[in-house]
Amino acid sequence: MSSTFFIPAVNIMGTDCLDEAMLAIRNYGFRKALIVTDAGLAKAGVASMIAEKLAMQDIDSVIYDGAKPNPNVENVEKGLALLQQSACDFVVSLGGGSPHDCAKGIALCATNGGRIGDYEGVDQSAKPQLPLVAINTTAGTASEMTRFASSPTKPAT
């Protein structure tokens, strides 16, 4: 019996790793990022700091701070709409598990179409997701290390 384990192709960790990561991002040739985060990190200026670091690498960005705890379908759809309107060619998830899960949903729907609920289960997509860079701000679920995300819930009524 064999097992297959998927983790990101590149992991940059350690002191001052953010600056090293920015160089790696530039070397991939990306032009415009959708930064997916939560309202707290946006308000604290962390998202704008990442946007500034990307700009120093000649990479434009837009910030989507709509990732809620246990993101729902609406969170993913709003982020996807902003990504498409802004013509982003990759996604940066910034935060903990909820922004990472929301970003994975956005990146998946960006290349596969449909709604996030269409991909519930394992191996439901035909195409790889849009490139995603995860910048972790917590030590928690390790959501940044897997291709899986919590199932989005329907928006509260």
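Position 1 is the first residue of the sequence, and the numbers go up from there.
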All heavy atoms of I63 vs all of S48, minimum pair found to be CD1-N, 3.9 Å
So, the side chain of T37 versus the backbone of L94: is there a donor-acceptor pair under 3.5 Å, distance only? yes
Between D38 and D65, is there a side-chain heavy-atom distance shorter than 4.5 Å? no
I'd like to know if the side chain of D19 and the backbone of D16 have a donor-acceptor N/O pair within less than 3.5 Å. no
So V91 and P131, do their side chains get closer than 4.5 Å, heavy atoms only? no
Closest non-hydrogen atom pair, M22 against Q57: O-CG, 3.7 Å
Main-chain N/O of L34 paired to S61 side chain as donor or acceptor, under 3.5 Å: no
Is a side-chain donor or acceptor of Y64 paired with a backbone partner of N75 at a separation under 3.5 angstrom? yes
Between R31 and F90, is there a donor-acceptor pair closer than 3.5 Å when you use the side chain of the first and the backbone of the second? no
V133 with M56, same ILVMFWY side-chain cluster at under 4.5 Å: no
Do the side chain of D89 and the main chain of K32 share a donor and acceptor less than 3.5 angstrom apart? yes
Kindly say whether L83 contributes a backbone atom to a donor-acceptor pair with the side chain of S86 at under 3.5 angstrom? no
For the residue pair M49 and L18, establish whether any side-chain heavy-atom pair is separated by less than 4.5 Å. yes
Of all heavy-atom pairs linking A67 and P99, the shortest is CB-CA, 3.7 Å
